Amino acid sequence: MGKWTRRAFIGAGVLVGGGLVIGVTGAALAPVRHGLRDEDAENIGQLTTWILITPDNAVTVLIPHCEMGQGAQTALAMMAAEEMDADWANVRVKEAPATDEYANAYIVRAFVNDVPGPFERGFDYGTYRLARWFGLQVTGGSMSVRGTGHHGMRVAGAAAREMLVAAAAKTFGVSAGECTVANSRVTHAASNRSATFGELAKAATQESVPTHPALKDPKSYTLRRKPQQRIDLRSKVDGSAIYGIDYTMPGLLHAAVEIAPVIGGKLVSVDTSAAEKMPGVKKVVQLEEAVAVVADSYWRARTALASLKPQFDDAGHGAVSSASIAEAFDKAIGAAPEMPAAATVIKADYTVPFLPHATMEPMACTARVNGDRAEIWAGTQDPLNARKTAADALGISPENVQYTNLALGGGFGRKLPGNLDFVGMSARIAKAASPAPVKMIWSRETDMQHGYYRPAGMSRFAGALDASGRPVAITSLYAGGGDGESTFMPYAIDDMKHSARDAKHPVRTGPWRSVLNSQHGFFKESFIDEMAHAAKKDPFAFRRDLMTDQPRFKAVLERLAAMANWGSPLPPREGRGIAICESFGSIVGEIAHVSVSPEGVLKVKEVCAVADCGDVVNTDTAAAQLEGGVMFGLSAALLGAVTIKDGKVEQTNFYDFRTMILRDAPTVRVDFVISGAHPGGLGEPGVPPIAAAVTNAIFAATGIRVRELPIKNAKLAATT
Amino acid sequence: MARMAITLTVNGQARSLDVEPDTPLLWAIRDTLGLTGTKFGCGVAACGACTVHINGKAERSCSIPVSAIGGASIITIEGLAAGGKLNAVQQAWLDQQVPQCGYCQSGMIMAVSALLAEKPHATDAEVDHAITNICRCGTFARIRKAIQTLAADQGGGA
């Protein structure tokens, strides 16, 4: 592992009953943390305290990230427990409350790996300020493990261990170096004495807090790099997990909403007189962009809402359509890029549609407003930002909003900062019904039509090959978003250029699992495949031979090819396709094996995926994240599209926005390259390669090149 | 539509409700009876998140009015584990670490439990036909494995 060059403050304090609490927080917090050795346990929850060691020998890890299925809470607790040598059976996890002290500055820090020494302090302060500025407590960017875990949990665990060992050494009257730790017990073998963490917790609070605790050599890991059961799963098989939509309390009212159907539209008028007399209806609330019915049950609210005939304007967007947006992209990009004189020049355009997150749990939020104070309950990816969103919607201070985060029924980016419109809306409805608590639930139709969609995009490529079939130039011009990471190609080609073109449209867009990489993974790995075929080379060998400067990419690609038995014979109309992308610090390669019937029916039979994410914490959840990324990306590649007509989203529900179900799902096999590189994320990097892996496989099977997603619109039948 | 008193048999207990007869079973279960393990996903029987057992058969409760239930026995996800012991499908879900966000899994488990009760050794083709629930996290590979393990073992467990 790399050298530990982090500047942070490690603090310790005393819990009621004599326990030890240890925390790690950003350097800029240090000035207020020096006096942390505080007997007042009332403050414990207000500190950046991450690990609590109590006399009952339990280790409780406070996690500043939500659990939305990625297993991050389990992985983070494992990272802390590993450094402590804690008994995993006695480790508990609690999600940290939404207070400023948990703003995870580290998530910004972890976006940049190698900060030059002299800038280290300034950088940390700057990122800390940035994190505070945005009020970030984000779970996104595949960040939990590589940010909070790598920079925070490991350090807190190691510091706790040193303090417990020091306390044991003092108790035994021996030197710390003679003590060993295993399963939450410190042992001095020579004198046959030992004590549990719980027994030592109180004494440990008197030990000085190490500033640079020694981190374990990964070779001595006993807990990490092994499969561990997720702590939250029992509640997800017996129905007891409480998601945002499940929250309830005495006197709860329910709200159903209808939002202006055209993008950006506003409510013009609505006759509420009849609905207000319907059974159970408490109030019809007119918002700027929507109308809501508040009733004593959700079904009554929904029934009354359906009887309304609200009039909305179209905000001048009534003529916007998918076709008009595609035209704008095409115009903005203009002519295909110029290529140098070369033996072979190929050109191709690729397009991808808007995509909804379509989380299984539709947007839902409960709010109670009383004067200048409010309480909010929801499942979001950023509790601090949710609190601020509610405060802004109500025109009150965030300090006056108490926010409780609940389990998320899927996130995928929909519940990140900037996308928390539903939290603000819920607060505004509850204000109108104050002081009653109101749970607002969006219908699937509202959810589908009022998302922050994965941007549609288009990329126009040109490439040149010399007489030997070696690529000498690749240029792309794209519209719909992109950046240096998403357009990066790991190939040693002298002349590579990727340039953005701006084409404006009013459709709301936002981060969608893997963000810009989902579009560009398809674009770039389709084009390099086309170049391989133009060069009459094997697509795997063609890529590998261009990875002269990228040993990590090459190692992943070679492991992948061996795993998938690349090159072995297949029946007619079957094929394999390969693609590889780096995102969020991880390199993921995927091979899809498909069959296409003569009638054109596509079946994705198997996907192999290999990731180099540096190291792996929980091998089972790591594998689950890759599997899930493959499936999520595959569902979109095969079936997913949101289309716009007359300024409205055309799709309404799961019958016209189709997603993959069990019968469509391939076998997925995954493997990891443990390179020891700085940890990369895993929640998202499984997504970017899959679309191109499948379309490249379709080409191998049929000779048909699919350049427009979703694949369901392509004609794949054999020509007779 | 006026409210009416309705008695439902849910997880073996008779429960009285006072709701409009067109109220979908889903909302009666969630809001009136407070059993929130059964989820709302689409409202049109397209996703399966709301699946419960009605007389042992997997049904999508968002699209069945309470007036249509009569004296039928309803089992929800909360009623699967007898005396706190998970049923075989729930246990297989834990063994394979199937859930991610978990939101669709109540419905998945109910659908699979009903299928395996009827066909303990269901083939992949029978499973494909019967299990049409949507999962967005992408847990299908593990769902398949969990079902195959169950169908190969003692067969079902509902």
Side-chain angles (χ1 to χ4, degrees), chain A residues 68-71 227 229-230 232-243 245-246 248 254 279 297-300 303 357-362 407-412 441 443-445 620-621 624-625 627-632 634-635 653-655 659-668, chain B residues 1-3 19-20 22-24 27-28 30-32 34-44 46-49 76-81 84 86 89-91 93-94 97-106 109 127-129 131-144 147:
Chain A
M68 52 184 177
Q70 75 282 39
Q229 295 230 331
R230 262 173 56 193
D232 55 323
L233 284 204
R234 162 88 197 205
S235 72
K236 290 172 179 174
V237 303
D238 67 11
S240 65
I242 300 297
Y243 296 81
I245 199 171
D246 299 330
T248 189
H254 302 259
S297 85
Y298 177 70
W299 187 248
R300 286 178 148 191
T303 305
H357 300 84
T359 57
M360 287 309 296
E361 176 189 30
L408 284 78
F412 317 128
I441 299 175
S443 67
R444 176 57 61 189
E445 290 78 9
D620 191 62
T621 51
Q625 283 306 291
E627 292 162 12
V630 166
M631 295 291 187
F632 189 83
L634 185 58
S635 182
N653 205 316
F654 285 120
Y655 50 78
T659 68
M660 173 190 268
I661 56 174
L662 187 61
R663 73 171 71 113
D664 309 312
T667 306
V668 180
Chain B
M1 206 174 292
R3 282 195 173 187
V19 295
E20 281 81 9
D22 70 339
T23 305
W27 296 107
R30 285 180 56 83
D31 285 351
T32 312
L35 296 169
T36 54
T38 305
K39 301 304 187 200
F40 167 60
C42 68
V44 295
C47 79
T76 70
I77 185 74
E78 292 90 348
L80 274 196
L86 298 180
V89 177
Q90 292 172 306
Q91 188 57 50
W93 250 237
L94 271 193
Q97 293 280 290
V98 171
Q100 289 192 23
C101 88
Y103 193 84
C104 73
Q105 300 296 348
S106 293
I109 289 167
V127 171
D128 281 349
H129 181 74
I131 308 301
T132 57
N133 300 39
I134 294 174
C135 164
R136 291 287 290 152
C137 296
T139 61
F140 295 115
R142 290 177 185 224
I143 289 172
R144 171 80 69 196
I147 298 173

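Note on naming: letters A, B, ... go to the chains in the order of the sequence lines (proteins, then strands), and numbering restarts at 1 for each one. The shown structure was predicted, so the numbers you read here are calculated from the model rather than taken from an experiment.
If you measure heavy-atom distances from A/L634 to chain B, you find no contacts under 4.5 Å at all. At a 4.5 Å heavy-atom cutoff, the contact between A/H357 and chain B is made by backbone atoms alone. In this structure, no portion of A/T667 lies under 4.5 Å from any heavy atom of chain B. In this structure, the portion of A/N653 lying under 4.5 Å from any heavy atom of chain B is its side chain and not its backbone. Heavy atoms closer than 4.5 Å to chain A are found nowhere in B/L35, neither backbone nor side chain. The parts of B/I134 that come within reach of chain A are both its backbone and its side chain, each placing non-hydrogen atoms under 4.5 angstrom from that chain. For chain B, the nearby part of A/A241 is the backbone; its heavy atoms alone come within less than 4.5 Å. For a residue to count as touching a neighbouring chain, one of its non-hydrogen atoms must lie under 4.5 Å from one of that chain's; by this rule A/T248 does not touch chain B.
Considering only heavy atoms from C-beta on, B/R30 comes within 4.5 Å of A/D246 through its side chain. Using a 4.5 Å cut-off on side-chain heavy atoms (C-beta onward), B/F40 and A/I441 make contact. The closest side-chain heavy-atom distance from B/F140 to A/V668 is not below 4.5 Å. For the pair A/V237 and B/P99, the minimum side-chain heavy-atom distance is below 4.5 Å. Between A/P279 and B/R3 the shortest side-chain heavy-atom distance does not fall below 4.5 Å. A heavy-atom distance below 4.5 Å is not found between the side chains of A/R444 and B/V44. Within the 4.5 Å cutoff, side-chain heavy atoms of A/W299 are placed close to those of B/P24. Contact annotation: the side chain of A/Q229 approaches that of B/Q97 to within less than 4.5 Å [non-hydrogen atoms, C-beta and beyond].
Here B/R142 is the residue among B/Q90, B/Q105, B/R144, B/R142 with the most heavy-atom pairs under 4.5 Å with chain A. Interface check for chain B: of the options A/M631, A/H254, A/M360, the most heavy-atom pairs under 4.5 Å are formed by A/M360. Of all the listed residues (A/A624, A/S297, A/A665), the one sharing the greatest number of non-hydrogen pairs under 4.5 Å with chain B is A/A624. Per-residue counts of heavy-atom pairs under 4.5 Å with chain A were compared for B/G41, B/C135, B/A141; the largest is that of B/G41. Of the residues considered (A/P666, A/S240, A/G628), A/G628 shows the highest number of contacts with chain B, using heavy-atom pairs under 4.5 Å.
How far CG of B/D128 is from CG of A/L662: 5.5 Å, rounded to the nearest 0.5 Å. The distance from the SG atom of B/C137 to the CD atom of A/Q625 is 8.0 Å, given to the nearest 0.5 Å. Here the straight-line distance linking atom SG of B/C42 with atom OH of A/Y655 works out to 9.0 Å at 0.5 Å rounding.
Using modelled atom types, one side-chain atom of B/R136 and one backbone atom of A/A358 make a donor-acceptor pair closer than 3.5 Å. The main-chain N or O of A/T359 is never found under 3.5 Å from a side-chain atom of B/Y103 such that the two would form a donor-acceptor pair. A donor-acceptor pair under 3.5 Å links the side-chain atoms of A/R230 to the main chain of B/Q100, judged by distance alone.
In this structure B/T132 satisfies the side chain to side chain contact (heavy atoms under 4.5 Å, CB included) test together with A/I661, A/R663, B/R60, sequence neighbours excluded.
The shortest non-hydrogen separation linking B/G102 to A/Y243 is C-OH, 3.1 Å. Counting all heavy atoms, side chain and backbone alike, A/G239 lies closest to B/S106 at CA-OG, 4.2 Å.
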